[in-house]
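Just so we're clear, the structure is a prediction, and the values are computed from it rather than from any experiment.
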Amino acid sequence: MRPATILIIDDDETVLRFVLRALEIVLRALEKLGFNVLTASNGPEALLLCEEHEGDIDIVLADVILPGLKGAELRAYLRSKRPNARLIFMSGFPEDILEEHGVARKDVDFLDKPLTVTRLESKLEQVLNGSSS
């Protein structure tokens, strides 16, 4: 089995560091899958990384509200350029703000911030097993 690749996109450096630390814990449990982790801190950087990364990107874990990219734009981009990538949105904003950015929790795989290791692990397992939205 080839290693899975996760792209994490968040403009908050603290969130990126937390997710990376949480992934270290999660990946110990999922170590046999051999994850590769990519990170980006804004929309343009994420899109460039998606263009330049030669391998597959299996999961994109992204903040809904990013500098230079709305959630709906990211979803449309991934559907056209990386159709096999599973997208998990994360945010601490209320539903009405998310909808302004083209994302409704009920229509996507979603994690509320602040994140916890347990919820992150559970959502990753759901997405990898194909048992989520």
Side-chain angles (χ1 to χ4, degrees):
M1 173 186 275
R2 69 167 182 76
T5 298
I6 298 175
L7 169 59
I8 305 163
I9 313 165
D10 199 298
D11 59 320
D12 185 332
E13 188 66 30
T14 303
V15 172
L16 276 176
R17 282 194 309 268
F18 172 82
V19 172
L20 287 172
R21 273 185 259 142
L23 279 174
E24 288 174 9
I25 295 166
V26 171
L27 293 179
R28 282 189 207 120
L30 303 172
E31 196 171 46
K32 292 180 182 178
L33 294 176
F35 282 88
N36 296 316
V37 177
L38 310 170
T39 62
S41 61
N42 60 58
E45 182 182 338
L47 297 182
L48 181 63
L49 188 59
C50 283
E51 290 291 329
E52 293 182 347
H53 182 71
E54 293 182 13
D56 290 331
I57 297 176
D58 302 287
I59 297 174
V60 176
L61 176 61
D63 195 1
V64 173
I65 302 171
L66 291 166
L69 188 68
K70 289 185 176 184
E73 295 168 333
L74 175 62
R75 183 172 33 194
Y77 172 86
L78 290 172
R79 283 181 179 158
S80 72
K81 302 289 186 176
R82 296 277 184 169
N84 294 324
R86 296 292 306 269
L87 176 59
I88 303 170
F89 278 120
M90 56 184 170
S91 183
F93 285 98
E95 188 72 25
D96 60 328
I97 302 295
L98 298 177
E99 289 176 359
E100 288 176 19
H101 291 269
V103 175
R105 281 185 176 96
K106 65 182 177 8
D107 298 333
V108 298
D109 285 308
F110 193 87
L111 281 168
D112 282 300
K113 290 181 183 178
L115 300 173
T116 67
V117 173
T118 303
R119 285 189 295 123
L120 178 60
E121 180 177 28
S122 175
K123 182 55 77 176
L124 287 173
E125 286 176 350
Q126 287 174 5
V127 169
L128 286 170
N129 293 327
S131 61
S132 61
S133 334

Enquirer: Determine whether D63 and V15 make a side-chain contact, defined as any pair of heavy atoms from C-beta on separated by less than 4.5 Å.
Expert: no
Enquirer: Could you tell me whether the side chain of L7 reaches within less than 4.5 Å of the side chain of L38, counting heavy atoms only?
Expert: yes
Enquirer: Please find the pair of heavy atoms, one from L66 and one from D10, that lie closest to each other, and give the distance.
Expert: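 The answer is CD2-CA, 3.8 Å.
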Enquirer: Would you sort out whether L61 and I9 count as a side-chain contact (heavy atoms from CB on, under 4.5 Å), showing the intermediate values?
Expert: CA-CA 6 Å; L61 176 61; I9 313 165; over 6 Å; no
Enquirer: Do any side-chain atoms of residues 43-52 form donor-acceptor pairs under 3.5 angstrom with protein atoms, and if so which ones, sequence neighbours left out?
Expert:
from, atom 1, to, atom 2, distance (Å)
E45, OE1, S41, N, 3.4
E45, OE1, S41, OG, 3.0
E51, OE2, Y77, OH, 2.6

Enquirer: If you take all heavy atoms of P67 and N42, which pair is closest and at what distance?
Expert: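 What the structure gives for the nearest pair is O-CB, 3.7 Å.
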Enquirer: V103 and A72: which non-hydrogen atoms are nearest, and at how many Å?
Expert: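 Distance-wise, the nearest heavy atoms are CG2-N, 4.1 Å.
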Enquirer: Just how far is it from atom CG of N84 to atom CD1 of I59, taken to the nearest 0.5 Å?
Expert: 12.5 Å
Enquirer: Using a 4.5 Å cut-off on heavy atoms from C-beta on, say whether the side chain of E121 contacts that of T118.
Expert: no
Enquirer: Between CG of D96 and NE2 of H101, what distance do you get to the nearest 0.5 Å?
Expert: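 Spacing of CG (D96) from NE2 (H101) equals 10.0 Å.
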Enquirer: Using a 3.5 Å distance criterion without hydrogens, assess whether the side chain of R119 forms a donor-acceptor pair with backbone atoms of P114.
Expert: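 Judged by distance alone, yes, a pair lies under 3.5 Å.
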Enquirer: Kindly say whether G102 contributes a backbone atom to a donor-acceptor pair with the side chain of R75 at under 3.5 angstrom?
Expert: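 Checked: pair present.
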Enquirer: Nearest 0.5 angstrom please: K106 NZ to E95 CD, how far?
Expert: 7.0 Å
Enquirer: Residues two or more places apart in sequence or in another chain: which of them pass side chain to side chain donor-acceptor pair (under 3.5 Å) with D112?
Expert: R105
Enquirer: So do the side chains of I8 and L20 get within less than 4.5 Å of each other, counting heavy atoms only?
Expert: yes
Enquirer: Grab the two heavy atoms, one from E100 and one from K70, that are nearest each other, plus how far apart they are.
Expert: O-NZ, 4.2 Å
Enquirer: Heavy-atom distance under 4.5 Å between the side chains of F110 and I88, does that happen here?
Expert: no
Enquirer: Should R82 and H53 be marked as a side-chain contact (heavy atoms from CB on, under 4.5 Å) after you check the CA-CA gap, both sets of side-chain angles, and the distance that decides it?
Expert: CA-CA 11 Å; R82 296 277 184 169; H53 182 71; 3.8 Å; yes
Enquirer: Test side-chain contact (heavy atoms from CB on, under 4.5 Å) on F18 and L16 and set out the steps.
Expert: CA-CA 5 Å; F18 172 82; L16 276 176; over 6 Å; no
Enquirer: Given M90, which partner from the list L115, V64, D109 fulfils the side chain to side chain contact (heavy atoms under 4.5 Å, CB included) test?
Expert: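 Per the side chain to side chain contact (heavy atoms under 4.5 Å, CB included) rule, the option paired with M90 is L115, out of L115, V64, D109.
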Enquirer: Any ion pair linking R86 and D58 (charged N to carboxylate O, less than 4.0 Å)?
Expert: no
Enquirer: In sequence, state the C-alpha distance, the side-chain angles, and the governing distance for V108 and L87, and then conclude on side-chain contact (heavy atoms from CB on, under 4.5 Å).
Expert: CA-CA 8 Å; V108 298; L87 176 59; 5.9 Å; no
Enquirer: Roughly how far, to the nearest 0.5 Å, is the NZ atom of K123 from the CG atom of L120?
Expert: 10.5 Å
